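One structure is given here, and the rest of the page talks about it.
Since we're looking at a predicted model, the values are computed, not measured. Numbers restart at 1 for each chain; the letters A, B, ... are given by sequence-line order, proteins then strands. FYI, side chains are in, hydrogens and waters are out, and symmetry mates aren't considered; it's all heavy atoms of this structure.
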Amino acid sequence: MRIPGVDVRFAIIRIASTAALFTAWEWYGSQPGQFALPPPSKVFPALVESIVDGGLVQAAIGTLWVGAVGFSIAAVLGVTLGLVIANVSWADNTLTPLVNAAYAAPITMLVPIIGIYTGLGFTGKVTLVVLFAFFVILINTEAGVRQVREDLVETARSFEASRIQIARHVMLPSTMPFILNGLRLGVGRAVRGAIVAELLLLVSNLGLFLIRAGATFNMPRLMAGIFFTMLMGYAVMWFAGYLERRSLRWRGEATY
Amino acid sequence: MEERDARPAAPPYIQVHGITKRFPAALKGQALVTVLDQVETSIARGEFVVLIGPSGCGKSTLLRIMNGLIPADEGRVTIDGATVQGPAGDRGMVFQSFNLFPWRTALQNVAFGLELHGVGSQERDGRARRLLAAMGLGGFENYYPRQLSGGMQQRVGLARALAIDPEILFMDEPFGSLDAQTKLLMQDELETIVQRHKRTVVFVTHDMEEAVFLADRILIMSQRPAKIIEEVRVDLPRPRMDHMRAAPEFGELKAHIWNQVRTAQEFRPTIGAVDHPTAATHG
Ligand SMILES: Nc1ncnc2c1ncn2[C@@H]1O[C@H](COP(=O)(O)OP(=O)(O)OP(=O)(O)O)[C@@H](O)[C@H]1O
Ligand SMILES: [Mg+2]
């Protein structure tokens, strides 16, 4: 794929910096009197134990399921509405201020309201995830449509392309990088939304795992949960980025 | 000459009636800029017409109006008696700035029009492949535009327009980015294609030699607001051959056109122009 020499150099830098981070963490965590941040030598056994006894993996799957359902809904709604707002001026005029206000607002503050409307169960959690992920997808899609090159639309028109053909063959591929970027950011926010829902709306899955560990002051277990959540987020984001790069190969290496 | 009388009063195929086009000025509040001013001309079926004129006079604009991509403010264009309302699938356009779709490979770009018109993938790929080969781009089928040089991109744009085998070809400086040798090869190639299929071509160029080599008729446009100020018939026999470039008539025509273009190009300052960028006096 790449020149082997370059790959190796990157790998060395990555391993070295990770090792340095863990060493620092180990040193800090094992200071006498340090309680809130246990060192890796305690966190990792706790992590293995949590995975082996099944609690953590099952909790993560539950959380991811909420995130996935909410994200799918947010993706469909966000892309559709983004396309509409960018193409229909009255929709733009009425909805854009609302979208901007909602995007800037901390979604967490809606938790009590959502709870009343949808209940605390699955629907409520999914609703919260949708609200977390929806706006960033919408805003990116809209920005994408606005940068479609007029000369390429004209080129398609010169081949007597219909409106639908222009949408499919020019609008969609030129907007795609923006949509995919929005979806990648949206995936991250969906994971965040799912965990927030399970911490604040109805404690369950990963949220339950974290709160229980915290409530019993089992700090290694809490850190293990946090570490696992971050790893999960990283994996999800990496996968989304991978899909994005794959479908944008025409843009070349420099812009991913 | 016989050749001239062989195709005398062919009925007009494309007619341009009093086309006027104005564009908004760059700054708000300034008057509209009149680009085309009552342009009149008619073109016979199978004729190869070359447009020449100063940069910015409105050649690209006129092509886009003739093809129905943008509306005129006054006047109308008719093709075969029908007023042009918009683009049509039997007219092809080669754009000055190539306008390749960056997400499509060279092959997919060439196949674009065929794909829109529902041609099956086997056939359209075959046709696109052959055209790319004819353009000297065999082996570059799977390259994306960003991986091609300017001249290569230009030839992909040309192949894309030829792929739909249009009745009329509008070509906006299609060889402008090519090196001298490739340009000559492409002119020969175009001459062959156009002669074989008897296509009507409207072709913009700044290159007098190219104009004389390809044209049945050369239209010379003035500065903005542009009109067609001169028409020159080129009565060299078809098909055009490379050796004709050395013929005395060829040189004479080139010289004549150069004279006309120079007249058209007479510097006419429109925006507060500096007379002579003063050669600063050294103290
Ligand atoms: N969309 C537009 N909006 C405003 N002005 C325009 C627009 N398109 C063209 N013009 C103006 O119309 C004039 C003619 O442009 P056009 O591209 O037709 O020139 P041209 O003869 O093709 O020039 P060149 O030989 O440099 O390609 C220019 O002054 C340009 O600024
Ligand atoms: Mg032009």
Side-chain angles (χ1 to χ4, degrees), chain A residues 1-3 79 82-83 86-87 89 140-141 143-184 240-256, chain B residues 60-61 63-71 84-106 108-119 124 142-148 153 156-157 160-172:
Chain A
M1 216 162 70
R2 274 198 218 105
I3 309 158
V79 170
L83 294 175
N87 283 304
S89 63
N140 268 277
T141 304
V145 177
R146 292 194 196 287
Q147 57 79 54
V148 171
R149 279 169 54 190
E150 198 47 49
D151 58 341
L152 294 184
V153 173
E154 186 175 82
T155 305
R157 287 210 301 127
S158 83
F159 287 94
E160 211 184 355
S162 65
R163 279 183 69 113
I164 291 179
Q165 285 174 324
I166 290 173
R168 177 162 137 47
H169 292 291
V170 184
M171 300 282 191
L172 192 65
S174 17
T175 311
M176 202 41 88
F178 288 74
I179 293 180
L180 290 177
N181 186 45
L183 291 178
R184 190 171 51 84
Y242 168 77
L243 290 181
E244 187 184 359
R245 277 191 302 277
R246 250 187 67 123
S247 48
L248 294 181
R249 254 177 305 193
W250 56 269
R251 296 218 301 186
E253 287 282 325
T255 44
Y256 63 83
Chain B
S60 299
T61 306
L63 277 195
R64 290 160 76 212
I65 291 173
M66 289 170 84
N67 198 13
L69 287 169
I70 54 170
V84 172
Q85 312 268 8
D90 60 350
R91 302 197 288 269
M93 179 105 174
V94 181
F95 291 87
Q96 185 172 0
S97 41
F98 324 148
N99 293 8
L100 298 185
F101 301 111
W103 52 83
R104 286 179 168 252
T105 62
Q108 291 167 338
N109 263 287
V110 177
F112 179 73
L114 299 172
E115 194 180 330
L116 287 194
H117 299 161
V119 176
R124 64 172 190 248
N142 297 323
Y143 280 56
Y144 285 102
R146 69 176 168 84
Q147 298 167 314
L148 299 171
Q153 291 183 40
V156 174
R160 181 174 62 182
L162 291 173
I164 57 169
D165 194 14
E167 210 51 54
I168 306 174
L169 266 167
F170 296 103
M171 311 180 84
D172 201 348

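Across B:Asn99, B:Thr105, B:Ile164, the residue that shares the most heavy-atom pairs under 4.5 angstrom with chain A is B:Asn99. Heavy-atom pairs under 4.5 Å with chain A peak, among B:His117, B:Arg160, B:Glu115, at B:Arg160.
Contact of the B:Leu116 side chain with the A:Glu160 side chain is not registered, since no non-hydrogen atoms from C-beta on lie closer than 4.5 Å. Put simply, the side chain of B:Met93 does not reach to within 4.5 Å of the side chain of A:Glu154, judged on heavy atoms. For the pair B:Leu114/A:Phe159, no side-chain contact is recorded, criterion being any heavy-atom separation below 4.5 Å from C-beta on.
Of all heavy-atom pairs spanning B:Phe95 and A:Ser158, the tightest one is CE1-OG, 3.8 Å. In plain terms, the two heavy atoms of B:Phe112 and A:His169 that are nearest each other are CE1-CB, 3.8 Å. Residues A:Val170 and B:Phe101 share a closest heavy-atom pair of CG2-CE2, 4.0 Å.
Neither the backbone nor the side chain of B:Phe170 comes within less than 4.5 Å of any heavy atom in chain A. Proximity to chain A is absent for every atom of B:Gln147, based on heavy atoms less than 4.5 angstrom apart. B:Arg104 touches chain A through its side chain: at least one heavy atom from C-beta onward sits under 4.5 Å away, while N, CA, C and O do not. Proximity to chain B (any heavy atom under 4.5 Å) is shown, for A:Ser162, by neither the backbone nor the side chain.
Around CZ of A:Arg168, the count of heavy atoms belonging to other residues, nucleotides or ligands within 6.0 Å does not exceed 12.
With hydrogens and angles ignored, the 3.5 Å screen pairs no side-chain donor or acceptor of A:Arg157 with any backbone N or O of B:Pro87.
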